[in-house]
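Presented below is the structure to which this report refers.
Being a predicted model, the structure only gives us computed values, none of them experimental.
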Amino acid sequence: MTAGLKTVILLSFVLAVGFLMIILSCALWSNWLPLFVALTFVVAPLPNALFSHCGAEDFSADYGESSGPVDLGRFITAFIVVTGFSLPLVLAHSEIIKPGASVMSLIGGGLVYGTILAYTAAFKQDDSEYE
């Protein structure tokens with residue numbers, strides 16, 4: 001399945017709506033702390049991208065097992081994603097931001113991270129035997 005122009009347009013629209021939700025959660029309640037959620041969800045895929053090719057052997061027969069650096073990248077990514085989802089909840093619980101801002105920030109952050117995951121899945125480069 002190849003990703004085309006319609007996929008790019010849809011993903012860019014969803015990403016724009018996600019960032020709009022995060023910025024509106026900041027602007028409507030005059031508190032710019034939920035903007036850190038956008039930062040965490042933009043940074044979240046980086047450890048997976050950096051560590052995804054570490055320790056992979058071309059001639060290995062064990063395809064089910066992964067290496068330590070790959071697992072470390074997944075762990076750091078999971079830590080950042082959990083931080084992105086829990087930060088608005090903790091800020092709302094401590095009454096630093098309003099609950100409405102927390103909900104908008106969570107929805108926007110989920111849209112941003114989901115768009116990043118969908119983009120990487122849609123445009124994933126498959127390794128060819130003949131390269």
Just distance, no hydrogens or angles: give the donor-acceptor pairs under 3.5 Å from side chains in residues 75-84, sequence neighbours left out.
{"unit_1": "T77", "atom_1": "OG1", "unit_2": "A44", "atom_2": "O", "d": "3.2"}
{"unit_1": "T77", "atom_1": "OG1", "unit_2": "N48", "atom_2": "N", "d": "3.3"}
{"unit_1": "T77", "atom_1": "OG1", "unit_2": "G73", "atom_2": "O", "d": "2.9"}
{"unit_1": "T83", "atom_1": "OG1", "unit_2": "F79", "atom_2": "O", "d": "2.8"}

For a quick test of your reading: what N or O donor-acceptor pairs under 3.5 Å do the side chains of residues 92-112 make, sequence neighbours left out?
{"unit_1": "S94", "atom_1": "OG", "unit_2": "V90", "atom_2": "O", "d": "3.0"}
{"unit_1": "S94", "atom_1": "OG", "unit_2": "L91", "atom_2": "O", "d": "3.3"}
{"unit_1": "S102", "atom_1": "OG", "unit_2": "P88", "atom_2": "O", "d": "3.1"}

Honestly curious: do [X] and [Y] fall in one hydrophobic cluster under the side-chain, below-4.5 Å linking rule?
X	Y	result
L24	V37	no
L39	L87	yes
F85	I116	yes
M21	F13	yes

Does anything in residues 99-122 pair up under ring-ring contact (aromatic ring centres under 6.0 Å, His included), and if so which pairs, sequence neighbours excluded?
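Of all non-adjacent pairs touching residues 99-122, those that pass ring-ring contact (aromatic ring centres under 6.0 Å, His included) are F41-Y113, Y119-F123.
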Please report the interatomic distance [atom1]([X]) to [atom2]([Y]), rounded to the nearest 0.5 Å.
X	Y	atom1	atom2	value
F36	I22	CZ	CD1	13.0 Å
L5	L10	CG	CG	11.5 Å
L11	K6	CG	NZ	14.0 Å

Validation row: F19, L35 side chains within 4.5 angstrom (heavy atoms)
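Counting from C-beta outward, F19 and L35 never come under 4.5 Å.
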Please find the pair of heavy atoms, one from V42 and one from L46, that lie closest to each other, and give the distance.
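So the two residues come closest at O-CG, 4.4 Å.
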Ignoring hydrogens, what is the shortest heavy-atom contact between F51 and P69? Give both atom names and the distance.
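Nearest pair, atom of F51 first, then P69: CB-O, 3.2 Å.
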